[in-house]
Each structure stands twice: as C-alpha cells, then as structure tokens.
**Student:** 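Structure provided below as structure tokens; questions to follow.
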Amino acid sequence: MELDSGALRRQADEALFDFDTTETLTAATQTTSQARAIDAIEFSVGMRFGGYNLYALGSPQTDKHAIVLAHLKAQAEKQDTPDDWCYLRNFDDPVRPLSVCLPPGGGRLFRERMFEAMQRVRTHLPAALSSDEFRREFQSLAGDLREAQSQDFAELESQAREMGLAMLPTPNGFVFAPTRDGRVMEEEDFLKLDDQEREKWQSAINTMTEHLVERLQEYPRVQQKVQDAQRELRQRTAQQVIQQALARVRSRYTNVPAIISWLEDVAGDLLANVEKIVMAGAAERTALQMPVADPEAYFDRFKVNVIVDHQDDEGAPVLYESNPSLDNLIGKLGQRVEYGTPVTDFDLIRSGALHRANGGYLLLDAERLLTKPFAWEALKRALMDSTIRIESVSQLLSLAYSVSMEPEPIPLTVKVVLLGDRRLYHLLRQYDSDFDDLFKVVADFDDEVDWTDESARSFASAMAGIVRDTGIRHLQRGAVCRVLEHCSRLVENQLRISTHTADIRDVLLEADYAASRNGADVISREHVSHAIERRIYRLDRFRELVKDNIAKGLIVVDTDGARVGQVNGLSVVSIGHVQFGQPSRITATARLGRGELVDIEREAHLGGNIHSKAVMIVSSFIGARYASDKPLSLRASLVFEQSYGGVEGDSASVAEVCALLSAIIDHPLRQNLAITGSMDQHGSAQAIGGVNEKIEGFFDVCSAQGLTGQQGVIIPASNAQHLMLREDVVAAASEGRFHVYTMETVDDAIALLFAENAGGRIDPDEVDRRVRERLDALHELAVAAAKAGLKSDAEEAS
Amino acid sequence: MKQLPKSVLYLLDCGCADDAALRLLRVFVGGQELQLTGLVVEDEDLVRAMRLPGLSEVSIARLEAGPLQPERLRKDILAHTEAVRERFEKAARGISAEVSFQVRRGPVSDVLLEAAHASDFVVVTRPQLITGLRARSASTFQNLLAQHGNVLFVNEPWQSGSRIVVLCPASGADVSPLLARARAIATAEKLPLLAVSHEGDVEGADATVVIQNWSEAAIVAVCEAQDARLLVFSEIDSLDWRTMATALAERLSCSLLRIEA
C-alpha cells in the first residue's frame, strides 16, 4: 500500500500554542513528562527514615540533574537551615580533635570571639606582666632577699673587720684572712706568730667561716621561697588576664556545655604557657632568651576551625559535588611541613561534601563516584553509620602512617541522590549487597514521552527554561514546532518525543547562532531547520563520500530497470555521531543442490549473528512454503554486494526472499524500488530500525541519478508510525516523484518488486507457481543425478 | 663633660663586659676615635692570703667550706681572667676603638681609682651574681661612682625599664649638654626621655616630673615609679653627691650614668 505524503511526517500544530514567542511563557524544566520519576523524588524526600536515598536513573541526555535539583531546592527552602560545625583542639588528646555544633552562623561568630579573646590575651598578658605594678611587686619579692643578703654580707664584713680579718672574694666564694694595718698579713709575719696567737687567728677564721656557711645555707630555701612567690604572683596575674579575656566568650555559650568545658581547657593551657605568650607578645627578643619556633604559632591551637558555615544560607543545603573523590566527599586532613616533616592538626581539617550537605541533600554522579578510589565505600559507611568520619586513605587501608588524626565523628542526616544510567544501576544491584538497603528509591527518567497536546505545551515551557538559563533569543511558535518535530525524529516515532534536553539545548544554541548571523531578534522555524541541517552537514563528510562513489559508479546501485536475483536493500551506517541510510545491492543465485542456502557474509565471517538467524528464517520460509512435500533440491547463495565492513541485523530478510525467488524463477526485480523489513517464518513483515535514514538514503541516491516518478521504498506497515522524513522527501512524495509503500507480508513486497512481463505485472500467486515448478524441475534433476551417481557440490567438498 | 671622652676604662674585675653598655658607649662617643681599656685587678690581699697556711675557702656553689688550695685558686683566677678578656674583646668589636686589656695587681681600691683617674670615662658593671649572690661587695665601685666625674654604672638587668630619666636641677644652658646626651641615648634605645626638675617643664624632654626637693628618696621614688632603665645625672652643687651617688647605686635597680658638669 502506498502511503500518502501526509503520513510520512508528523507536523507539529502551531495552533496548539497561544503564544507568539517563548518570551511570554513561564519557564520550566521538563517535568510533566517525567511524572513517574518526580513521584519517586517526592517520595524519597518525604521519607525520613534511613536508606531512602535516591538513584536517579536515565540517560545523561535527559535533564534529570536539573529536574532533581529543582525539586530538591523547592523542598529545601521549606526546611530549617542546619547547624554549623567546628573542630577544636582536644587539649587532653590532640590527635582526636573535638567537634562542636552551633546554630547557623554561630561557627563564624565563635571563631571571631575566640580570635578577639586571644588577641586580648596576646596583648594584655605581656602588658600585665611588664606593668609597673607587676614589676614592682615582682622585684620587691626579690629585692627583699637582695637587701637581706647585702645586709648579711655587710654584717659579716663588719664582724670580720672587728676580728681583724679581711673577707676576700674569690672566683668561687670567699676567704677569710688575718690582717695587719688594714692589709692581709704577709706570710713571714704570720709565721713569726707564736702558737697561741696563730690559734687565736685560726679560731677567728673558723668562727667567721662557720657564720658565712650558716648564712649561705639559708639562702637556697629563702631563694626558693622568693621564686615560688614570684611564680605565684605571675600565675595569679596571668590567670586574671586570661579569665577576663575568656569571660565574654564564656558568657555567650553558657548553654553549650562542650564549649564551656573546652574554654576551661583553653584557660589551663594558657596558664601553663605564660612564657610562650610573653615571648609571642614581646616586640623583640634578646640573645639571652631561648630561641623558640615562632611563638605566634602557639596561638594556633585556640583557633576555631569552622568546617561548615551556614551563615549566609537559608533553608537546607542542596549540593552537587562534581568531583566525588574520597577527600571531597568526607573531608580531609590537610598537612603542612615543619622542619621537613609533614604534620597535621585540627585546624587543617577540611570539610567534604557530606559535611556541607549535612541536614539537606547531596547529588552525586554515580559513575564518577565509583571511579574514585575508596569514595563509594566511604559514602556507604557514612550512610550506614549516620556519621562522617574523616579518614585518610592510609587509615582506610590500616597502613602505618606518620601523619594521622582521628577527628571526632559528626552525626550525619543527609539524603543522597545518585545520578546514573541503567547499566550502572543494575550492576550495583547485582554486585553490591548494600546498595538496595541504602538506595531504596529509584527515579526512572524516560528517554521519550508520548507526543500529546499536554506534553507539547510542557515542552514549549521547557524550551523557555532553556532560553532563560542560556540567555539566547526567544523562539517563535514555529521554531518550537520545528524543535518538537526534531525531537520526534530523534526517537523515530510520530507518537513520541525525545526528553533528551541536552540535545535540545544544543539545537537551540545553534539556532540562536543562526539567528544572530541573520540579525534576527527571535529564533524562527527556519533558523532551527538551518541549525539542524548545518549540524548534519558538519558531520556529513562520509555520507557525501558514499554518495559520490555511487554517482561515479564505484558503488553500483541501480535505481532503474530490472535485474534477476538482485534487489536494493537498505542499511544504516553509523560512524560516531553520523548515522545515514545507504542502499545496498543484495544478490542471490540458485542452482541444483540439496537444500543449502549459503549466506556468503557468514561464510566470509562478515555476517553477525542476527543476520545469520535472519537468513536461516528465510531458508526455513522458502522450504516450508515451496518444498513442504519433497526435498528442496536447491543450492542458493545470498550476498550484500560491495559490502566490506560486515553486515548485521535482520532488516534485509524480505529483500533476501525476493532476491532468492527472482533467482529461482529467473524473473527480474524492479531496481527503482528499495526494500527494508524483517520477517517471520510465515512471511509476515516485521518492523525495523532506522527507517527514516534508510528511506532518505535511497531518496538521495535516486535524486542524484534522477527522480523518475517510479522510484520508492517498501517498508513494513508497522514502521509507518516511525516516519519523520525530511521535508524534501515529503515534498517529492506529495508531488508523486517518490513513493513509500508498506507491506504486511512478503507477498506485498513480491507484488511490488517483481517487474512486469510483456503481459503486465505478475502477481504473487504467479510467482509461487513458477517457483514450485522450478523446484520440482530441480528435484527431478536431483533424483536423476542421484541415480546416475553424481554428487552435489557439498558432497564433493566433504 | 665638655669634651667627648677619648679614653675609656672598662672595669672588668667583677663582671663581664656588657653588650648594652658598649652599645650605649658607641652612642655616647659618636664616630670619634677612642681608646678602650679593659682592666682586671688581681687583688694583692688575695695573693697574700694564698700564701698563708690553714685558711679555708667558702664555696658559694657548694655551700660549704674547704681548705684553701692556692694552686687551684690560681688556676681559677687565670681562667676567670681569660674568660673576661675574651668576652670583652668580642663585645668591643662592635665599636670603633683601639682596644687593650690589662691585668694589674695591687690593692683593688687603689688600683681602680688610679686607673680611673687616668681615664676620661669609666664603665663599671655591678658585681656579678653567682647562684643568686653577689661575689663581691659593691662598695668599691659605688665609691668610684661617687668620686669619678664620668661613670656609667651598669646595673642589671639592662633591658628592664621603659624610660630614660635625666635629672635637671637647673634649666637653660646649664643642663642642655646633659639633656642632649640623654636625648641621644633615649633615641638609640627607642625610649621616651623623662626629665626630673623642680622648676617646671624641661624643654627637649618628652615629659617632665617635678619634685619639690632633691633627695635620695625622691629620686629613687621617681625612678621606680617611672620604670627607669637609665638615670642620667650631673653633680649638683647643693647636695652631697658622693653619699647620694653611692646610695642610688645601692638602692636603684636601673643603670646610672654620671656626667661631669
């Protein structure tokens, strides 16, 4: 049956739309077409129990990311903003930093307050310890001792003088020596003294020595006392300053016990390190002071490391992490190098996406997640434990490592959305036993939807959304219709349209470019058509080459006349993004044999399995239809002429049957027709893919060789709904210069394809009769040959 | 002090050379050529004592007495002198001066006074501390401060204190050389200059403290209250400066610079 030109392409109805351009439309994502997926998203969002995370399933070309994001954001706006999170130094165990949560914005405030408090300590403490008041009190404690010592020594010197002795200093201490006339006695004078006088001197020296030793032995105790008093004074002064500096912070967090407890630790640490603080505050250090590695660094321990800051946020967070590595997901322990050694500390802890999305929603690309080492395992663990533990790879592998910390885990309440395709979804379900428990909800995004009035209007709103997001020109009504038709062509179905927003966006951007070249303010239907044509043109070099080879006769395709055992089949060539139809000569030969149908493509290892299956179906069909009551004494062969790259698929089945029958009865087939269609064993035609490309491929060859008005294509009737042919093909058909026929069975094809005799067109029954006669004749020849002892080719070969 | 000093004696008998004192000396003499002599006195009385039998030495470090061992003591004195010399020469490298080092023997006071009178300027540090005790009574040096015209008496710790204090008993031209030197020191030490006067504000000082009468107690009170690092002064005719200078050295913890009027 020949199809009317109106059936070759569905035209979008402009009357459906009540706008002139998309400017007056409300921009939207393409949601109405994804009702099932949206229902799943809403269900996942609404479920507050663990494991109801979402796997958004569908092609990357669908706009599932934007749709999910829009729904999550709408929901998140209604939710409370989650708490801020900070890490603090753990003074009892520095390798286990403490986590603290504060209301939104509280983290930054706490950090600022602590910074101010430490600034006060940094300046006030050295000032207090060098103040006049402190210095006087401090020195007076030592001054008392010094005065006492001076007095002691003056007394001792006086006593010694009264006893006629000199008190002489040595590098180590003192010596008492007898004097005469104010000078120490000469040796010879001393030796002249009698024993009594010498004993008297000796006794005086011993007495003074004992006095001095007694006094000296008292000094360490007194000195210790002075030092204790000085230390106590120093501590007391420091404590006052520290408590004053921290009082303001403490008063703000009386309802946060963790911070109050931490501030006690801070005060304790400051008090234990007064010397460092004084050195940090000193403008300059003298050479006598011990060198200290950057005293300023001491204050780093009192920093507040705000890893999650929601001060500027409203509602729950919705986060998409485009690089879901382990570090980016669960955070990391940063490092710095000190004296050539990598070290880490609480203030080097960096948040991950889970931290920032905590209390809200986290979107991740499933494939990227799975390709990042340890990231998937870390995510699963976080979701299962409902906590975020920051661990390095070495910790996950239990490797000994010089730099390590175990920050206190943070409670996790997050809804994770994995964006992935079907293949990954099924692989995860099959190979990961935790997957079903953690991702209980699937949002299945359709690649295509029914082309209805409602979906068409939704589609127009989606295009308005693309215009808004990309800033391109608005579309006229006709342009929207043209894009709609393009989307129908993408899915090769007059009743469906593609939901691959990424493709649509590309077409619109390119149409906008075309409009800009024309100086147009809006995008018209012609701009869209032009953009689509130019896109094909840019990718079309190979098709042009094939067309050229056909035109030059290098690839033989007849579009006129009739040939025995030869039919124009249609195939689709796919090279990268390019997909086009190409006519191929399918030829058949037949001679005496024992029922063999040789698929030359298969024998040459160029045929795929489906093609081989199709040839077997053809063989079975011919055997059953024409030799059901006797052996099939035929050896036939089939081949795709000038095909060097392999043949796959079953779409040439009907063509192969026709070529075989033509060869058997030696009757020519029309070369101005091409045919495509698969079939079952009973001869019923079945739908095939790529119908539009195939028809257009033959049309292009015919156009190149000259349209005669007789040329056309035969397709299965069930493929009629898939027709979205180019406008030039439709135009040719409407003018009777090209024809598209449908077939229900092989007989429909036979009726069209077999060329007319002198007596006119032969019908399928006539073909059947002649086939049977020919097969009978071959059978008789086979029987005669058997009697004569002749062997078939196959038997010869074996 | 009308002229800048050309010969400076640094008395090292009881302490090491002080970097800060030499730094201050450099400020004081500017770029002028200078003879700097370090002096250590070997106490003749101690030499005599080492020859006497039956004497004991009390060790401050060990807090006990033991027989005086002349040979060991001699070695200790030599080692101490050598250490002082090294430190002095190292510290003196920082100033442009012809540096020499002398060891003289004799009665300490006599030798010191004789050497001091032969010099324009004397620098003396307080007797050093050994485990918290002064190894020598400071009276000799305090006397020197009282008797010599130009003396820098370095108290410890030099770094403490936050002001340079200058005593200005008179105003105008009489104190301007003193004030100029005090200002130079304050600038070098990056400290404010505080004048003490009984006549009102002193021009050239950053601030002035007025006291009613010049007494030892009043000066000590001002220096302590103002956290003085260095007290700069000249002789005041109306006072017994010998006694007062000795008392100031005894009571104040800041350093003292006496400049001849």
Side-chain angles (χ1 to χ4, degrees), chain A residues 130-132 135-136 139-140 142-143 145-147 149-150 152-154 156-157 166-179 182-191 198 201-202 205-206 208-220 222-223 226-227 283-284 286-288, chain B residues 13-14 19-20 43-66 68-69 72-73 75-81 83-84 107-108 127-139 157-162 190 224-227 250-251 253:
Chain A
S130 61
S131 67
D132 293 348
R135 195 199 300 271
R136 268 199 297 279
Q139 286 180 346
S140 77
L145 174 64
R146 205 162 53 222
E147 205 166 307
Q149 284 177 351
S150 296
D152 282 352
F153 274 74
L156 285 167
E157 269 190 312
M167 187 174 163
L168 304 169
T170 71
N172 306 309
F174 294 94
V175 169
F176 290 101
T179 60
R183 302 293 307 275
V184 170
M185 209 177 278
E186 291 281 10
E187 185 185 15
E188 55 196 41
D189 294 337
F190 187 78
L191 292 174
R198 283 167 68 171
W201 282 117
Q202 195 62 53
I205 290 169
N206 290 346
M208 286 310 300
T209 302
E210 280 172 23
H211 283 339
L212 177 58
V213 171
E214 279 171 18
R215 294 284 174 91
L216 288 177
Q217 285 177 341
E218 279 180 24
Y219 290 152
V222 177
Q223 199 165 358
V226 169
Q227 284 175 354
E284 56 181 19
T286 67
L288 293 175
Chain B
D13 183 64
C14 45
D19 291 333
D43 189 350
E44 197 174 68
D45 282 342
L46 187 59
V47 175
R48 285 186 182 186
M50 282 192 286
R51 297 194 197 108
L52 298 180
L55 297 190
S56 302
E57 186 183 22
V58 178
S59 165
I60 294 175
R62 295 200 304 277
L63 303 177
E64 63 182 16
L68 177 66
Q69 296 174 314
R72 192 183 56 77
L73 182 57
K75 282 182 185 169
D76 288 346
I77 291 169
L78 283 174
H80 171 72
T81 304
V84 167
V108 175
Q128 72 181 82
L129 285 165
I130 298 178
T131 63
L133 297 176
R134 297 210 178 280
R136 188 192 287 272
S137 158
S139 59
W158 172 262
Q159 286 295 339
S160 70
S162 56
K190 297 174 183 163
E224 287 185 346
Q226 297 298 327
D227 192 25
E250 178 66 32
R251 290 186 57 185
S253 60

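Every chain is numbered from 1 and lettered A, B, ... according to where its sequence line falls, protein lines coming before strand lines. Only a predicted model underlies this, so the values are computations on that prediction, with no experimental measurement involved.
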**Student:** Inspect the surroundings of CZ in B:Arg62 and state if more than 12 heavy atoms from other residues, nucleotides or ligands are less than 6.0 Å away.
**Tutor:**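 For B:Arg62, atom CZ is not crowded (no more than 12 foreign heavy atoms under 6.0 Å).
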**Student:** Which atom pair, heavy atoms only, marks the closest approach of B:Leu46 to A:Pro169?
**Tutor:** CD2-O, 3.7 Å
**Student:** As an exercise, state the distance from CD of A:Gln202 to OG of B:Ser56, rounded to the nearest 0.5 Å.
**Tutor:**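 The distance works out to 6.5 Å.
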**Student:** Which region of B:Leu68, side chain (C-beta onward) or backbone (N, CA, C, O), has a non-hydrogen atom less than 4.5 Å from a non-hydrogen atom of chain A, or is it both or neither?
**Tutor:**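 When you check distances to chain A, only side chain atoms of B:Leu68 fall under 4.5 Å.
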**Student:** Please state whether the side chain, the backbone, both or neither of B:Glu64 comes within less than 4.5 Å of a heavy atom of chain A.
**Tutor:**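 It is the backbone, since no side chain atom gets that close.
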**Student:** For the atom pair CH2 (A:Trp201) and CG (B:Leu52), what is the distance rounded to the nearest 0.5 Å?
**Tutor:** 11.0 Å
**Student:** Closest approach of B:Arg72 and A:Asn172, non-hydrogen atoms and distance?
**Tutor:**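 Shortest heavy-atom separation between B:Arg72 and A:Asn172 comes out as NH1-ND2, 3.4 Å.
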**Student:** Write down the atom of A:Leu191, the atom of B:Pro53, and the distance for their closest heavy-atom approach.
**Tutor:**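 Smallest heavy-atom distance, with atoms named: CD2-CG, 4.4 Å.
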**Student:** Can you give me the closest heavy-atom contact between A:Leu216 and B:Ser59, atom names plus distance?
**Tutor:**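 In terms of heavy atoms, the two residues are closest at CD1-O, 4.3 Å.
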**Student:** Should the pair A:Glu186-B:Arg48 be classified as a salt bridge under the 4.0 Å nitrogen-to-oxygen rule?
**Tutor:** yes
**Student:** Can you give me the closest heavy-atom contact between A:Gln217 and B:Leu63, atom names plus distance?
**Tutor:** NE2-O, 3.2 Å
**Student:** A:Ala177 and B:Leu55: which non-hydrogen atoms are nearest, and at how many Å?
**Tutor:**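 Between these two residues, the closest heavy atoms are CB-CD1, 4.0 Å.
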**Student:** Between A:Glu187 and chain B, with a heavy-atom cut-off of 4.5 Å, which part of the residue counts as in contact: side chain, backbone, both or neither?
**Tutor:**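 A:Glu187 touches chain B through backbone and side-chain heavy atoms alike.
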